[in-house]
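Presented below is the structure to which this report refers.
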Amino acid sequence: MKTRFLIGFIAIGLVFPLHSISQTLPSGQSIANKTHTRDEGVSLSRKLTMELKDKRGKIRIRETTSFRKYFGEEKRLVIFYLTPKSVMGTAFLTYDYPDASLDDDQWLYMPALRKTRRISAANRGDYFLGTDLTYEDIKLETRINRDDYTYKTIGKEQVDGHECFVIEGLPKSKEIAKELGYSKTKLWVDATLWMLRKADNWDVAGNYLKTIEIKDIKKIQGIWTYHKIYVKNHKTNHETIFRIDEVDYQTEINDDAFTKEALVNGL
Amino acid sequence: MLYRYIVIGFLFSMGVHAQKKQNTFREAFKASLVIVSDVSYEFKNEAFQKSEIILKPEFSYRLNRNSKFVLKSQLYTELNDNLERGFSEDDMASDFSKRLFIGDRTNLELREFFFYTNFKNKLRLTIGKQQIVWGETDGLKLLDVVNPQNFREFILDDFEDSRIPLWSIKAEFDIKNINVQFVWIPDNTYHITQDFDAPFFTKNLFQSPPEGIPVVINETEKPQHFLNDSDIGFKLNTFTKGWDLSLNYFYYYDDLPVFYNVLQITDTNNPYVTISPKFERQHLIGGTFNKVFGSSTFRGEIAYIFNQNFPSINPNATHGIESSNLFKSAIGIDYIKGEQIISVQLFNDLITDAISPYNRDLFETNMSLKISRDMMNDALNTEVLWVQNVNHGDGYVKPQISYWANTNTQLFLGSSFFYGNESNLFGQFKDRSRISFGIRWGI
């Protein structure tokens with residue numbers, strides 16, 4: 001009888017802590033959803049500097065100015081290259097639709113041709129302008145993909161002294177994994193700000209691929225804003241540092257800044 | 001006269017924005033310099049075909065959020081004086097657009113100088129010397145006829161360098177979701193073609209007179225009137241349901257003169273040919289479309305030109321010229337897979353009337369294939385372009401590698417191989433095949 005009671009007690013004791021963790025930790029999907037509710041402002045202008053460092057330590061720097069604006073739920077983003085001077089004026093425009101089944105519309109203006117070329121946005125896993133982030137990574141910024149992964153919350157950890165939920169995501173299908181370029185993702189999401197602070201990704205073959213760290217998060221004009229993203233590709237040993245400056249959520253940006261014609265007219 | 005209009009335009013626009021807050025000079029003024037050096041070695045002649053250094057300073061001054069001045073100039077030096085031999089008078093350029101030659105090898109050019117303003121988010125004006133580019137195609141042009149071109153390297157030069165900017169006004173505004181663009185171009189500057197002894201003299205365009213018969217070439221009859229001879233056009237552009245669509249109209253002088261020719265007899269009964277080049281007007285109507293399907297972009301362009309003139313082999317043709325409407329079309333697909341782009345284009349030209357044009361068929365087809373691949377996080381790019389005329393079997397292949405050595409320096413190694421019959425457009429340059437090395441640096 002005693003033995004039976006003891007086994008029962010241990011069993012309850014084993015189950016109870018698990019039950020209490022699952023009660024205190026939100027689900028991975030709810031964390032992903034929550035990152036989309038964060039205030040990002042209606043419009044944003046900023047300077048984005050991309051520092052590309054190869055495995056031999058050679059550094060190339062690309063400076064850009066970008067503008068982003070929400071049109072309802074549709075997000076439009078335009079990026080103008082400032083340097084290198086020989087490609088100054090190169091510009092990239094994207095319309096990101098709220099309907100996940102719709103591909104983004106994207107245009108690239110090439111000053112050497114003086115033409116705006118429509119480009120496919122179907123390959124979300126392609127690398128963005130030579131950096132170590134994919135187009136999908138760039139599009140999400142510090143939010144979490146809501147539709148393509150099955151998430152599991154695996155705990156809480158501190159990143160740079162901030163409490164984060166740790167969630168693991170597996171693509172819902174092989175096709176999605178191939179499209180995104182990841183077979184698994186592990187994400188550290190700030191438990192207070194609902195911003196991604198760190199991510200580890202594995203490639204389609206299951207190899208450890210890259211680490212993304214989001215740093216220097218501070219409030220600008222009342223909105224939590226990151227100022228640095230560090231990305232290391234463990235396969236190629238290539239690194240990218242994104243530095244964000246001159247952030248401005250308040251200056252109004254004209255709607256016609258997000259058109260093909262605006263790419264041609266430049267900054 | 002032209003300057004007066006432009007200055008009035010500038011003053012008007014500046015006055016409109018005078019009440020707006022001025023930036024500090026440091027924020028408003030931007031300057032940059034790009035230096036390009038390019039050397040090409042010609043296989044056939046075992047000699048340097050090109051050895052050029054180009055300095056491209058650029059300045060911009062932003063008056064406020066909506067207005068700016070842009071100035072782009074160029075100092076061009078061709079060390080071996082081969083592509084444009086000797087001192088050029090720039091006869092095909094208007095007085096306002098001539099280059100300033102310093103000796104045979106060097107010239108200074110005001111490439112672009114314009115004022116841009118966005119007037120109350122309703123009207124966008126670009127006033128001054130500028131490039132206006134229409135169309136969707138790469139390599140061969142259908143609607144990209146607003147600005148003329150310098151053919152010093154045939155079509156091998158970057159269009160950014162070979163296209164000749166013009167003094168013009170571009171006005172843009174929106175009607176609902178349609179962008180309307182009007183262009184007015186009073187600048188009577190036309191294609192710069194090369195002399196008979198230049199490497200890229202396009203001999204296939206001209207019918208040679210019978211051997212032994214002398215030729216008298218009269219001075220080219222160029223349009224002279226500021227208003228009456230200006231080019232005008234418009235473009236309507238919209239983006240709807242995933243389709244990018246444009247409709248274009250242009251009333252302009254063809255940038256190549258028509259070479260009217262007459263066989264005459266001297267007082268001493270000796271025959272000779274008189275050639276009288278003259279620029280002729282024409283109307284063009286056309287349009288473009290593109291749409292993305294999965295990983296591919298499908299794009300196309302059409303142009304219908306009224307009364308295009310052609311040199312004729314019909315002995316009854318008046319002054320050796322026949323005219324016909326000309327329908328041009330191009331369709332292309334760009335397929336993107338990872339860091340690789342495959343681009344295929346098919347061009348068709350149809351002369352609608354039953355005429356007998358010199359050195360071409362009534363229906364001609366060209367095709368192009370471009371494969372490009374970025375590597376090493378876009379530090380290295382390899383590319384090959386193949387253009388082929390289906391009717392005559394001539395064409396060219398242009399492989400190139402480019403490499404970013406550091407933030408500001410890009411290196412190029414490339415080659416151009418022409419093939420085909422010497423009487424055809426590309427084949428005539430088969431002795432001009434070359435290997436090139438270049439460096440581009442900017443600060």
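To find a chain, count down the sequence lines: A is the first, B the second, and so on, and within it residues start at 1.
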With a 4.5 angstrom heavy-atom cut-off, which part of [X] approaches chain B: side chain, backbone, both or neither?
X      : answer
A:K55  : neither
A:Y97  : side chain
A:I253 : backbone
A:L102 : neither
A:N233 : neither
A:T259 : neither

Examine distances only and state if a side-chain atom of [X] and a backbone atom of [Y] form a donor-acceptor pair shorter than 3.5 Å.
X      : Y      : value
A:S120 : B:T297 : no
A:K260 : B:N237 : no
B:D374 : A:G130 : no
B:R124 : A:A262 : no

Most heavy-atom pairs under 4.5 angstrom with chain A, which of B:D174, B:D244, B:I341?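 The answer is B:D244.
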
Could you pull out the closest heavy-atom pair between [X] and [Y], with the gap in Å?
X     : Y      : value
A:R60 : B:T407 : CA-OG1, 3.3 Å
B:N66 : A:N254 : OD1-ND2, 4.1 Å
A:S86 : B:R440 : CB-CD, 3.5 Å

Using non-hydrogen atoms and a 4.5 Å limit, figure out which bit of [X] sits close to chain A: side chain, backbone, both or neither.
X      : value
B:S60  : neither
B:E339 : side chain
B:F293 : neither
B:T137 : both

Rounded at 0.5 Å granularity, tell me how far [atom1] in [X] sits from [atom2] in [Y].
X      : Y      : atom1 : atom2 : result
A:T240 : B:N377 : OG1   : CG    : 6.0 Å
A:T83  : B:N408 : OG1   : CG    : 7.0 Å
B:W441 : A:K85  : CH2   : NZ    : 11.5 Å
B:K291 : A:D105 : NZ    : CG    : 7.5 Å

Do A:R62 and B:W404 form a cation-pi contact, if we require the NZ or CZ to be under 6.0 Å from the six-membered ring centre and within 45 degrees of the ring's axis? yes

Any salt bridge linking B:E112 with A:R114? Criterion: basic side-chain nitrogen under 4.0 Å from a carboxylate oxygen. yes

Charged N to carboxylate O under 4.0 angstrom, B:D334 versus A:R118? no

